[in-house]
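Notes follow the structure.
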Amino acid sequence: MTIRTHILGFPRIGAARELKLALESHWRGEVSEAALEATGQQLRARHWALQRDAGLAYVSVGDFAFYDQVASHIQLLGCEPARFRFDAAQSPLSRYFTMARGNDNQADHAGCTHSHAHHDHTAGNHALEMTKWFDTNYHYLVPELSPQTQFSLACERLLAEVAEAQALGHQVKAALIGPLTFLWLGKEKTPGESDFHRLALLEQLLPVYGALLDRLKQQGVSWVQLDEPILGLDLPSAWRSAFESAYWQLNQVGVNILLATYFSPLEENLSLTCRLPVAGLHVDGIRAPHELISVTDWLPAHKVLSIGIVDGRNIWRTDLDAALAVLQPLAARRNGQLWLAPSCSLLHLPFSLEAETELDSEIKTWLAFATEKLTELSLLKDALAGHPDDAALAMSRLAIAGRRASPRVHRAQVTQRLQRPDFPTTTIGSFPQTTAIRQEALGLDVLVHGEAERNDMVEYFGEQLDGITFTRLGWVQSYGSRCVKPPIIYGDVQRPAAMTVEWTVHAQSLTNKPMKGMLTGPVTILQWSFVRDDQPRATTALQLALAIRDEVADLETAGIGSIQIDEPAIREGLPLRRGQWDAYLDWATRAFRIAMIAPAHLRVNPDCGLKTRGWVETEAALRNMVAAAQQMRAA
């Protein structure tokens, strides 16, 4: 039996956010480019050593980025927009940061928490647009594509990282974004040329990918992972049709290609994906466990099958017995040939539990961060190969059973509540946390108290709700040097006491104008947290909604006549497959309706301020908002 383990990618910010600190020091002019590069090299070496020590067959090279992996591919493929190539003396790394941040070197705009994080467009060459990576809370920089786009190979950084890993004695698997997904992620910038479509660029992009694969082959890389997560989307027929010819062309190079899909079931793309001329296929066994048997049957016997059996998107310990029960029949069908991996890149997880010395000891046994996921892969590999670590497996069983039975997870009073379903000018969001909050002088009709006591719009509420806990160093990269520390929803959620009433009432006492209560909605808390996986997300959303409704009721009782419930993440939660949208919108909007006050008292607003938007985008957003309100009035 040949069982191999690997990962699709690893967190790059470091155990103590070393990359963030080095980046921000470099941007302030305190650290040289050479020193920043040295920090990157140290982090890569440390992370590869972790992968080797966990027994992985290959270390992944190409997943490291100083800001964003898509931005790295824009440079790798030589398709930087022309406005970033104005200074011939500028280093590639400096140009890379200009793409990410604009050439006025403004700090990243971290305050905008909706799905598109905007950068400063007011001076110099504006940065590339930023948006969410599929349905995750990671942001990537959007490639700008036009009929004038040209591709050329600039792979010295990637090849240098391969050489670094090889010099340390590692077997290397290069990890890259596939050509079709790269084009799909791009945005068409075609002034006056409305008939251009970015898929038309595939013909000139493929030779560059082919040259890249050839360079990697010459350097001794035997496997190249090409990520094509768009195979889990509802693809137009032209995109689906492009896959077979594209990969036939790339396969001619003679390097082993592992095609990686994740985040979604393949559905109608399943047989197409299994037929593609590649040496191996990775599938997401967490998001699409129901497809594993079909993939195993459709995939030709000579191809490698990689199963994403460990959750790369969530922080819960893997139920190793359940995973083995899934893997054993699959391994038998593949004649003992199987690769094991996380479902997707571990980029979306905190680095390690080791530093969480203040985390509740029982809850800690239920968790596995990125480093611990490597150990889980090793345990699964050994057990499948007939060499189980009985002590480690027993410890895992105890933790899984303990979480399943814990009264801290399941609360009878919350369950009972779920069984009884019920049915002017102002500002949006917080103010700068200065010593004074200035609103009356602006002539606003309805004031907000400024949220001066709050840390984060989700963390503030999570800290006051039962069933939610927080890490000390569980940072996850959002983009560039910006990191977030998501709450962990581990059990039934309830509100033990009022969360905002005292602050809001005090603020109301200081003015004769109406003071507005400010709450974060249930779906946004859900989307921006690590969510328990032992019940449907819809149930957790409903628990959160009831907790927020309790707060609404207390604010009303205290005389607060206007209450804002922020739900910027409702759209982010939409499933990648349109066929699943209705079910999601049904429970997401139900959760919001349960949390809110009567419809007659609702005010319809944009999701945030409009200062950073262009007029075309602003007009479209406001027209859609008005149309939605008219539909609600007619209903």
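These values consider heavy atoms only, across backbone and side chains, with no hydrogens, waters or symmetry-generated copies.
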| Contacts of type salt bridge (Lys or Arg N to Asp or Glu O under 4.0 Å), residue E358, not counting sequence neighbours | none
Between [X] (side chain only) and [Y] (backbone N and O only), is there a donor and an acceptor less than 3.5 Å apart?
X	Y	result
N137	Q527	yes
T261	H282	yes
Q464	Y460	yes
S352	T371	no
Q219	L159	yes
Q75	P92	yes
D68	Y479	no
E356	R472	yes

| task | Kindly indicate whether a cation-pi arrangement holds for R313 with F263, taking the cut-offs as under 6.0 Å to the six-membered ring centre and within 45° of the axis. | result | yes
| So which heavy atom on V221 is nearest to which on V172, and how close? | CG1-O, 4.0 Å
| Sidechain N-carboxylate O distance under 4.0 Å for K485, E459 | yes
| request: Determine whether the side chains of T98 and Q90 contain a donor N or O and an acceptor N or O closer than 3.5 Å. | output: yes
| query | Strictly by modelled atom types, are W223 and Q171 linked by a side-chain donor-acceptor pair under 3.5 Å? | reply | no
| task | For the residue pair W133 and Y140, categorise the inter-ring angle as parallel (less than 30°), tilted (30 to 60°) or perpendicular (more than 60°). | result | perpendicular
| said: Does the plane of the ring in Y490 sit parallel, tilted or perpendicular to the ring in W366? Use 30° and 60° as the thresholds. | reply: tilted
| Between F351 and F10, ring centroids under 6.0 Å | yes
| query | Any salt bridge (charged side-chain N to carboxylate O under 4.0 Å, His left out) pairs touching residues 152-173, not counting sequence neighbours? | reply | E37-R157, R44-E161, R44-E164, E156-R215
| task | Would you indicate whether the side-chain heavy atoms of F461 and P487 approach each other to under 4.5 Å? | result | no
| message | Can you confirm whether S345 sits close enough to D63 that some side-chain heavy atom of one is under 4.5 Å from a side-chain heavy atom of the other? | response | no
| message | So, applying side chain to side chain contact (heavy atoms under 4.5 Å, CB included) with I7, which one of Q51, K373, Q225 is it? | response | Q51
| request: Tell me, please, which residues at least two apart from F530 pass ring pair (Phe, Tyr, Trp, His ring centres under 6.0 Å). | output: none
